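I have placed the structure first, in the form of structure tokens, so that the comments after it can refer back to it.
No experiment lies behind these values; they were computed from the predicted model shown. Scope of the values below: all heavy atoms of this structure, side chains included, with no hydrogens, waters or symmetry mates. Convention: sequence-line order gives letters A, B, ...; per-chain numbering from 1.
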Number of protein chains: 6
Amino acid sequence: IRLALRSWPEVDDYLNHCKGVILPLGSTEQHGPTGAIGTDALTAEAVALEVGRRTGVLVTPTQAFGMAEHHLGFAGTMSLKPATLLALIHDLVMSLANHGFERIFVINGHGGNIATTKAAFAQAYSSAISNDLPVASKLRCKLANWFMAGSVFRAARELYGDQEGQHATPSEIALTLHIEPSLLSKQRPLPEPAPAGPIHGPEDFRRRHPDGRMGSNPYLAKPEHGASLLETAATALSEDLTSFLTAA
Amino acid sequence: IRLALRSWPEVDDYLNHCKGVILPLGSTEQHGPTGAIGTDALTAEAVALEVGRRTGVLVTPTQAFGMAEHHLGFAGTMSLKPATLLALIHDLVMSLANHGFERIFVINGHGGNIATTKAAFAQAYSSAISNDLPVASKLRCKLANWFMAGSVFRAARELYGDQEGQHATPSEIALTLHIEPSLLSKQRPLPEPAPAGPIHGPEDFRRRHPDGRMGSNPYLAKPEHGASLLETAATALSEDLTSFLTAA
Amino acid sequence: IRLALRSWPEVDDYLNHCKGVILPLGSTEQHGPTGAIGTDALTAEAVALEVGRRTGVLVTPTQAFGMAEHHLGFAGTMSLKPATLLALIHDLVMSLANHGFERIFVINGHGGNIATTKAAFAQAYSSAISNDLPVASKLRCKLANWFMAGSVFRAARELYGDQEGQHATPSEIALTLHIEPSLLSKQRPLPEPAPAGPIHGPEDFRRRHPDGRMGSNPYLAKPEHGASLLETAATALSEDLTSFLTAA
Amino acid sequence: IRLALRSWPEVDDYLNHCKGVILPLGSTEQHGPTGAIGTDALTAEAVALEVGRRTGVLVTPTQAFGMAEHHLGFAGTMSLKPATLLALIHDLVMSLANHGFERIFVINGHGGNIATTKAAFAQAYSSAISNDLPVASKLRCKLANWFMAGSVFRAARELYGDQEGQHATPSEIALTLHIEPSLLSKQRPLPEPAPAGPIHGPEDFRRRHPDGRMGSNPYLAKPEHGASLLETAATALSEDLTSFLTAA
Amino acid sequence: IRLALRSWPEVDDYLNHCKGVILPLGSTEQHGPTGAIGTDALTAEAVALEVGRRTGVLVTPTQAFGMAEHHLGFAGTMSLKPATLLALIHDLVMSLANHGFERIFVINGHGGNIATTKAAFAQAYSSAISNDLPVASKLRCKLANWFMAGSVFRAARELYGDQEGQHATPSEIALTLHIEPSLLSKQRPLPEPAPAGPIHGPEDFRRRHPDGRMGSNPYLAKPEHGASLLETAATALSEDLTSFLTAA
Amino acid sequence: IRLALRSWPEVDDYLNHCKGVILPLGSTEQHGPTGAIGTDALTAEAVALEVGRRTGVLVTPTQAFGMAEHHLGFAGTMSLKPATLLALIHDLVMSLANHGFERIFVINGHGGNIATTKAAFAQAYSSAISNDLPVASKLRCKLANWFMAGSVFRAARELYGDQEGQHATPSEIALTLHIEPSLLSKQRPLPEPAPAGPIHGPEDFRRRHPDGRMGSNPYLAKPEHGASLLETAATALSEDLTSFLTAA
Ligand code: NI
Ligand code: NI
Ligand code: NI
Ligand code: NI
Ligand code: NI
Ligand code: NI
């Protein structure tokens with residue numbers, strides 16, 4: 001189901017019966033004192049692959065770097081400026097549209113990517129028309145944030161209540177524990193986190209959230225939660241994708 | 001309360017006691033067969049001025065053009081590409097930050113601006129640091145969409161129920177009837193609108209929404225609703241702004 | 001005559017008999033110790049609306065922010081970088097050309113916008129060809145600086161002689177006094193201004209022109225001058241526009 | 001050794017004893033009728049991780065999309081325009097430099113990325129100075145193309161002689177067979193390939209190289225070659241990296 | 001006097017006693033049926049070198065390509081888009097400012113460059129501040145269009161009257177005949193030219209000016225006129241430069 | 001053979017029998033304590049003109065400014081940022097392709113331009129397709145670095161052995177002595193140079209190479225070497241160009 005493992009004639013064949021494709025989008029940024037820097041890419045990729053398996057829709061490689069400017073105050077964060085991410089998503093959508101893909105389903109693991117990705121979709125629709133692409137009038141992109149799916153949100157609340165928080169959340173950490181069991185060794189009890197709040201620049205962020213967490217208690221995360229949340233997310237997004245592919 | 005009517009020494013004085021400023025952001029785009037193309041700028045400006053009057057916070061001129069690529073299939077729509085709007089908001093925030101403004105409150109009248117404006121804020125925070133602005137670590141921007149304030153949303157639902165729709169809504173049209181009574185002459189009963197749905201490119205939009213409306217019945221709009229909605233929006237956003245200015 | 005108050009079907013109708021449109025372009029920048037920061041947008045809009053009324057040509061909303069980098073040393077100035085203004089004017093011209101407008105008449109209130117706006121026109125002509133717009137070979141843009149019209153220039157010299165100066169001039173201030181009578185309260189005698197001269201960066205500008213004026217005595221401005229200058233400008237630009245619309 | 005699996009405090013610690021980091025850079029593009037579209041990212045990542053293991057230098061996530069404009073004539077290719085890839089590499093280098101990394105070692109799997117990546121390094125050095133980064137004068141980036149290492153080149157020639165070719169080469173395919181054994185099922189004898197030659201645009205490329213190969217016979221590739229080539233590449237690049245880290 | 005023939009230590013020495021530099025800017029574009037495509041670069045360079053010789057101010061190499069989008073309808077024209085020329089002039093000014101040059105005198109041979117070059121100056125002043133260049137507050141750029149100097153203008157009118165026209169003018173052609181006598185062989189009587197007029201896109205330009213001339217009769221040009229006009233221009237611009245260098 | 005000395009109808013004629021064109025690309029940057037700052041443009045132009053004379057292929061004006069960021073630590077260096085040079089080469093190629101030129105042969109004198117120029121070619125191929133240029137599928141660009149031609153390289157080694165070095169080399173200096181005999185006066189014995197090495201930012205470059213040389217002894221250069229090297233380079237590149245023009 002991975003585009004990376006297909007040859008180009010296989011993709012040609014695929015396009016004869018399906019015009020949809022999944023693009024996983026992550027981020028490489030701090031996730032608190034115990035969370036993995038790769039959390040958002042690991043989770044987006046895991047969800048995307050599971051959705052691909054269930055729906056038979058091709059999954060492109062994961063774009064592991066996103067817009068994480070506000071996390072740059074913490075070592076290891078790698079961020080694209082909004083204008084760069086905008087151009088990147090634009091180019092990837094245009095490449096796919098050029099081959100005849102008509103439905104681009106971006107499975108995203110990071111809140112900071114949402115705004116820029118939506119802006120990029122708008123720019124790509126325009127370019128498809130300017131460049132006279134045959135699919136221009138049929139091209140549709142959809143952003144699916146796995147962590148914001150209703151059923152995922154409810155499951156996380158049930159598991160962690162208020163301690164879910166908004167960044168370095170136990171639900172996303174649980175997913176990574178399921179995907180990469182070695183991460184379990186980082187888990188340890190943490191002090192009360194700084195509360196969640198609005199996000200501004202990196203210095204403001206670090207001042208308000210000195211250890212990188214926003215109201216979350218990632219110590220609550222268990223690998224088995226991750227397995228279950230992955231299942232929940234894949235179910236929700238598979239339905240979402242199916243509707244997207246068949247929508248008039 | 002309008003920055004446009006102040007002299008620069010007056011702004012210098014103002015900055016001694018307040019670091020906040022309101023920037024109204026609209027769009028110039030089709031609003032259905034009977035709605036004014038300037039709806040989003042007219043409403044954002046009206047709300048912004050009323051919030052300014054109540055809070056004493058300066059209101060800059062209105063940026064009347066926003067990101068409306070998907071409406072370009074209808075005559076009269078004037079749109080900035082996402083990359084352009086991103087640069088514009090970035091430059092305006094940087095100008096204000098350069099003078100020592102620390103809290104930029106953008107009152108927005110158009111859903112299509114949201115993503116790009118948020119991306120621009122992130123880019124501006126970065127530039128403020130790169131350029132070593134004295135306010136870099138204190139700069140905060142906030143996007144306030146008047147039509148999405150909880151109380152406004154509820155009031156619109158009470159007045160119009162499902163006929164509120166999502167574009168060329170009776171609530172925004174009502175505001176324009178209150179602001180520009182001459183617009184009343186355009187009001188007339190309209191056929192059942194196309195239902196709301198996801199937004200893609202301009203051709204897709206026009207095909208799905210042939211008269212430009214998304215599930216809305218703007219004929220329900222009355223000037224007196226507009227007066228009341230303006231009051232509701234100004235109350236909600238004034239509170240929002242006050243919290244923003246005083247937040248630690 | 002305001003595009004903002006039209007619906008899209010009305011613009012469709014309009015395009016059946018006229019391919020021209022007026023775009024007012026201002027700036028938001030210091031205008032000396034007693035002048036309004038919004039002077040250039042207020043005056044461009046007033047002239048544009050009067051020209052629209054006389055000629056029946058639609059007037060778009062005013063772009064209130066322009067290129068005012070050299071005024072950034074004075075509080076309240078909001079400036080777009082040249083590259084940003086270039087992209088903005090480009091996008092607005094392209095939007096209008098996309099609907100079939102063939103003659104774009106920009107009424108400008110600020111000298112600092114001239115260079116960038118002309119550069120943007122050249123870029124838009126190219127894009128119209130690259131994008132295969134049907135109007136590509138017919139598209140024409142014209143920049144009309146109201147304050148540089150011959151008759152306006154002569155009237156200002158008659159009224160103010162050498163005290164007209166080059167920035168925060170009594171003629172533009174007079175126009176604002178006519179448009180916004182409340183501004184009269186700012187008027188007061190001022191010391192001899194710094195002389196006009198070439199314009200470089202913001203620090204150089206403030207050093208040479210410590211109160212923001214360039215050789216002008218805005219205290220000479222009277223509202224009745226403004227009324228008369230508005231009349232003169234509207235007459236000159238209406239003729240200019242008429243020729244532009246009918247030129248082969 | 002994967003940055004993705006570290007927490008930010010672990011990266012802080014790491015920076016106390018090592019200022020180097022490895023960034024794997026691939027491409028997502030056609031690799032002939034039997035090669036995997038993800039070849040260049042799979043191989044770059046495999047080499048990077050092995051180099052990381054041997055040297056103890058952190059490996060960031062893989063940037064799976066590169067500059068592959070000339071392959072856009074084949075389904076499945078996803079390409080960033082040169083200007084976009086330039087901005088992306090620039091932003092990633094700047095993020096790392098911002099944390100104090102001084103030696104950025106890019107392990108690249110795709111010839112088409114070389115030019116743009118080098119251009120990006122030059123742009124990043126300039127920005128590091130403009131932005132006054134503390135590491136500005138110490139920042140060094142190095143591009144290591146695993147397939148061009150002398151010992152790899154010689155090994156490939158020994159194994160495949162002239163049938164190595166220049167795109168969809170048996171050596172890179174062998175590496176993917178070692179990494180992803182499932183790819184073996186695609187292997188089959190292929191007709192004589194079109195000869196290698198200069199690379200221009202996508203239509204020219206497809207006309208000259210109708211099945212995507214440039215002079216190569218990927219059917220010669222065996223998983224065990226891949227294991228051996230990976231070993232050879234990792235040895236060569238580990239030495240290269242060690243010199244880079246310790247160079248004065 | 002040519003920077004190109006200096007070594008860097010010689011430039012270091014030069015900067016000890018002079019902070020000024022001349023940058024010749026041309027264009028490579030059609031100049032009617034008998035004029036050289038290189039006219040604007042040849043003339044700008046000749047004037048610049050003569051001004052350099054007289055004033056002792058260093059002359060950089062000539063930027064031979066400018067903004068000539070409107071001439072692209074004629075074979076041989078090579079044009080930079082306005083956004084590109086803006087970036088180019090910006091980068092060159094920044095390079096010079098970085099070395100401590102404080103007065104950049106651009107001697108320009110092409111009307112189409114004026115707007116974009118002025119926009120670039122404004123952008124460079126801003127960048128000099130953002131990048132904290134030591135000369136930021138002292139940096140000044142001046143655009144000197146040799147063909148618009150008062151004395152040149154008068155001399156051209158005296159020599160050619162109304163037949164001077166506005167593009168492919170006898171005065172600029174005369175200069176090229178003086179500089180490159182081989183060009184004399186192209187001279188021949190031409191039919192009445194199309195009249196000068198406003199400039200829009202390349203198709204509009206070619207339609208209005210089918211042979212590329214705007215109201216000019218270049219057949220009137222004589223090499224000896226060129227010698228005299230060069231003298232006149234050099235005198236005017238040398239005075240202009242001297243004032244520029246010594247202005248407070 | 002210089003495009004600059006042709007009229008547009010002459011270029012039209014030329015295109016009837018030849019679709020090729022030579023674009024000389026230089027740089028304006030320090031060349032050690034005794035070398036001319038204009039070395040790379042002087043040499044590229046001299047080689048290009050000689051190749052043009054021999055092959056009859058038109059030579060455009062020289063682009064004298066290139067990517068020389070790493071030399072900015074030495075007075076007199078003028079550099080375009082990679083993104084700017086990319087746009088510039090892109091625009092020039094597009095201009096030429098627009099007229100029907102199908103083979104663009106860039107003769108380059110500076111190593112620092114290589115990466116960016118290649119990136120620009122890739123971007124131009126894409127734009128030619130997006131803009132639907134008639135030559136899109138036939139457009140080919142080739143970068144020919146005169147100093148890297150095999151025969152030139154060998155000749156330089158023969159003449160100077162290890163003292164050729166990598167920047168401010170005796171071979172390029174010899175060429176300039178041949179072209180501009182006045183440069184002989186700068187020649188003088190120099191101390192042992194700093195060794196060549198990798199190139200990073202300007203501060204790093206100046207620290208490693210305090211007088212600007214990289215392992216070279218330019219004092220060995222003689223004008224007669226230059227004459228011979230020019231002959232060698234022109235021979236090599238003329239063959240290269242001929243193959244390029246006739247390649248299928
Ligand atoms: Ni996350
Ligand atoms: Ni609206
Ligand atoms: Ni003004
Ligand atoms: Ni490959
Ligand atoms: Ni000319
Ligand atoms: Ni050189």
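- For A:A115 against B:A119, the heavy-atom pair with the smallest separation is CB-N, 4.1 Å.
- Between A:H200 and B:F244, the two ring planes are tilted [angle within 30° to 60°].
- The environment of CG in A:D162 is sparse: at most 12 heavy-atom neighbours from other residues, nucleotides or ligands sit within 6.0 Å.
- For A:M67 against B:A122, the heavy-atom pair with the smallest separation is CE-CB, 3.6 Å.
- B:Y125 contributes atom OH, which lies 9.5 Å from atom CD1 of A:I199 (distance to the nearest 0.5 angstrom).
- For B:A248, the part sitting under 4.5 Å from any heavy atom of chain A is the backbone (N, CA, C, O) and nothing else.
- Among all heavy-atom pairs drawn from B:P82 and A:Q123, the shortest one is CD-OE1, 3.0 Å.
- When the shell of 6.0 Å around NZ of A:K19 is examined, it contains more than 12 heavy atoms from other residues, nucleotides or ligands.
- The side-chain heavy atoms of B:S126 and A:K81, taken from C-beta on, include a pair separated by under 4.5 Å.
- By number of non-hydrogen pairs under 4.5 angstrom with chain B, the leading residue of A:L139, A:L85, A:I129 is A:I129.
- Not a single salt bridge (charged side-chain N to carboxylate O under 4.0 Å, His left out) links A:K118 to another residue, sequence neighbours left out.
- With hydrogens and angles disregarded, no donor-acceptor distance shorter than 3.5 Å links the side chain of B:E203 to the backbone of A:A136.
- B:R206 does not touch chain A: none of its heavy atoms, backbone or side chain, sits under 4.5 Å away.
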